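Computed from a prediction, not measured in an experiment: that's the story for all the values here.
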Amino acid sequence: MGVAFDSISFKASLCDGCGDCMTACSEAKSGASRISIVPGAKAGGYEAALCRQCGDPKCAQVCPSGALDKDGGNGVIGWDAAKCVDCLLCTAGCVYGGIAVDPNVSRVAKCDQCDGDPACVKVCPTGALEFRKAGSIFNEYGAKEDLFVPGLSGCQGCNSELIMRHAMRKIGRNSVLATPPGCIPGMGSVGYNGKTGTKVPVFHPLLTNTASMLSGIRRYYDRIGRKDIVVMALAGDGGTADCGFHAVSGAAERGEKVLYVCVDNEGYMNTGMQRSGTTPYGSWTSTTPVGEHMKGKTQDAKNLPLIMTAHKCRYVATASTGYMEDLYEKLDRAIEASFEGFSYLHIYSPCPTGWRIPSNKVIDACRMSVDSNFNPLWEYTNTTGLRFTHSPDNAYPITEYVKMIGKYRHLSPDQLAHIQAKVDEQVALLKLMAAESSPPPAAHRAPAGASTPAGAESSQPARREIARN
């Protein structure tokens with residue numbers, strides 16, 4: 001397996017050219033700034049000249065003295081002042097303008113990412129600079145065993161397969177999984193020809209009873225004192241928002257100690273791309289066609305994560321594979337919360353087949369859905385309330401998101417205006433909820449352990465991974 005590295009990313013659309021990053025860098029390094037904000041190609045826009053820590057760095061190739069070298073541990077291209085002959089060829093070799101020259105000493109001034117805590121990122125007021133830690137996630141979890149067999153029959157570029165493989169790597173073998181009818185079992189996770197495609201115990205409930213089945217499984221493990229098992233669902237939006245909702249709502253209301261992951265591809269994608277309760281307004285599906293009498297879905301989508309907050313779940317969050325660091329952090333908290341009560345994680349999952357997008361654009365669509373506030377990222381607990389995990393400010397207009405996706409290709413200006421209005425309304429409500437203080441004590445739900453039979457409590461640690469040889 002290869003090695004990945006954390007890196008600083010720059011979003012030109014969010015940069016207002018304030019230059020705070022340059023000031024912070026200059027102060028942190030007591031010299032010239034390693035980052036430069038320069039005018040962009042678009043009028044009024046800006047770009048960042050910053051070391052990309054290239055995998056095949058041209059600066060190191062042209063260096064005649066070997067003063068520049070890529071660190072195999074953290075991926076940073078380091079500069080050795082003792083070896084440098086000050087020829088400055090590296091500044092010409094870098095096409096990104098990523099190596100600066102400190103005019104006070106006429107020597108190289110190069111970004112070293114501040115040992116993983118970049119000063120420039122911390123002061124950026126608009127979020128244009130981010131320190132992405134997906135490389136660390138890859139290094140930590142990439143070598144762990146994939147708990148699904150290779151060769152599952154997902155469509156090319158399937159984001160749902162990406163979610164399930166990542167989620168199960170994070171959750172581990174101490175888990176019992178339920179996958180109701182949908183894309184995930186449809187690609188072979190529950191098996192065929194008498195063999196399962198999943199390496200942990202997996203159930204295939206009906207669309208209607210997933211949460212009820214998991215409630216029973218959880219209570220069984222509680223009865224025998226096994227507190228180390230994650231009892232969880234990987235379910236589609238149809239089995240969660242529509243015909244399975246009564247079971248989900250009931251389990252949440254009872255505070256069952258279950259992790260319920262909804263993989264939302266906004267429709268019944270494996271059976272013909274029919275509309276579901278979470279299909280957004282205006283979407284083309286096979287049951288909301290586009291023609292003379294109809295222009296896609298005429299109703300707004302259910303906001304299922306918000307509905308789950310009304311259940312006062314132990315934990316509710318939205319996530320996206322476009323922001324893997326955020327997803328992994330939320331998986332941690334969701335797992336922990338599932339040992340105390342109902343834990344609900346809603347992950348948006350563009351479907352390249354049903355949404356009419358190229359498979360290589362799926363992650364771009366994930367990011368744009370977040371950056372446009374179509375799918376804002378937030379989390380909620382019943383003790384601390386709601387908070388954003390990705391700033392909803394400075395969002396792209398919704399037209400930037402929908403133009404990537406074929407199922408929205410027919411939208412009229414009126415329909416686009418309606419979608420933008422709903423997005424703004426949603427964000428305003430979330431901001432209102434985030435601004436409120438923690439709920440008062442009276443709003444706290446009864447302990448979720450009330451469903452555990454008396455005498456079944458155990459002093460066993462909540463989470464204990466069992467290694468297999």
Side-chain angles (χ1 to χ4, degrees), residues 11-16 42-45 126-128 157 159 237 241 264-269 273-307 318 320-323 346-378 388 390-432:
K11 291 183 180 178
S13 62
L14 299 181
C15 182
D16 62 4
K42 295 182 179 178
T126 62
N159 194 60
D237 49 291
D264 183 5
N265 57 20
E266 299 179 349
Y268 296 83
M269 293 302 167
M273 296 168 279
Q274 299 93 342
R275 60 92 89 186
S276 78
T278 66
T279 302
Y281 170 85
S283 299
W284 170 89
T285 70
S286 60
T287 50
T288 56
V290 177
E292 182 180 354
H293 301 293
M294 198 171 183
K295 302 294 181 186
K297 191 183 177 191
T298 55
Q299 300 85 24
D300 293 315
K302 289 182 187 177
N303 193 325
L304 199 57
L306 267 184
I307 293 172
T318 61
S320 166
T321 49
Y323 289 88
H346 196 101
I347 308 178
Y348 299 102
S349 183
C351 169
T353 305
W355 290 26
R356 304 292 194 254
I357 53 175
S359 57
N360 64 346
K361 295 293 183 183
V362 166
I363 298 301
D364 288 344
C366 287
R367 290 179 183 147
M368 185 57 77
S369 72
V370 173
D371 294 342
S372 64
N373 282 340
F374 196 83
N375 295 313
L377 299 182
W378 52 269
F388 287 99
H390 182 88
S391 173
D393 298 328
N394 303 308
Y396 288 102
I398 207 65
T399 50
E400 294 295 311
Y401 169 58
V402 300
K403 73 180 183 184
M404 302 176 65
I405 299 167
K407 69 174 181 176
Y408 296 122
R409 194 169 295 143
H410 59 279
L411 291 179
S412 67
D414 286 347
Q415 287 178 303
L416 284 170
H418 176 84
I419 294 172
Q420 184 67 66
K422 292 301 296 185
V423 166
D424 294 343
E425 176 188 288
Q426 170 186 258
V427 171
L429 176 59
L430 288 170
K431 284 184 174 180
L432 186 63

Does [X] reach the side chain of [Y], with side-chain heavy atoms less than 4.5 Å apart?
X    : Y    : result
D393 : K431 : yes
T285 : Y268 : no
T399 : L416 : yes
Q426 : L430 : yes

Distance under 6.0 Å and angle within 45° of ring axis: K407 vs W355: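 Yes, a cation-pi geometry.
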
Whether H418 and Y281 hold their rings parallel, tilted or perpendicular, with breakpoints at 30° and 60°: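 The rings of H418 and Y281 sit tilted, inter-plane angle from 30° to 60°.
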
Rounded distance [0.5 Å steps], NZ in K11 versus CG in N394: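 Spacing of NZ (K11) from CG (N394) equals 10.5 Å.
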
Basic-acidic side-chain contact under 4.0 Å: D264, K302: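 Answer for the salt bridge query: no.
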
By salt bridge (charged side-chain N to carboxylate O under 4.0 Å, His left out) - contacts of K422 (at least two apart):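 Salt bridge (charged side-chain N to carboxylate O under 4.0 Å, His left out) check on K422 returns D300, E425.
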
Residues forming a side chain to side chain contact (heavy atoms under 4.5 Å, CB included) with A365, sequence neighbours excluded: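 Once residues adjacent in sequence are excluded, the partners of A365 under the side chain to side chain contact (heavy atoms under 4.5 Å, CB included) criterion are P350, I357, M404.
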
Criterion ring pair (Phe, Tyr, Trp, His ring centres under 6.0 Å) against F374, the qualifying member of Y348, Y401, Y396: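 That would be Y401; it is the only one of Y348, Y401, Y396 passing the ring pair (Phe, Tyr, Trp, His ring centres under 6.0 Å) with F374.
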
Pair Y323, D371: side-chain N/O donor-acceptor within cut-off below 3.5 Å: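 Present: a donor and an acceptor within the cut-off.
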
Heavy atoms from other residues, nucleotides or ligands near NZ of K361 exceed 12 (cutoff 6.0 Å):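 No, the 6.0 Å shell around NZ holds no more than 12 heavy atoms from other groups.
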
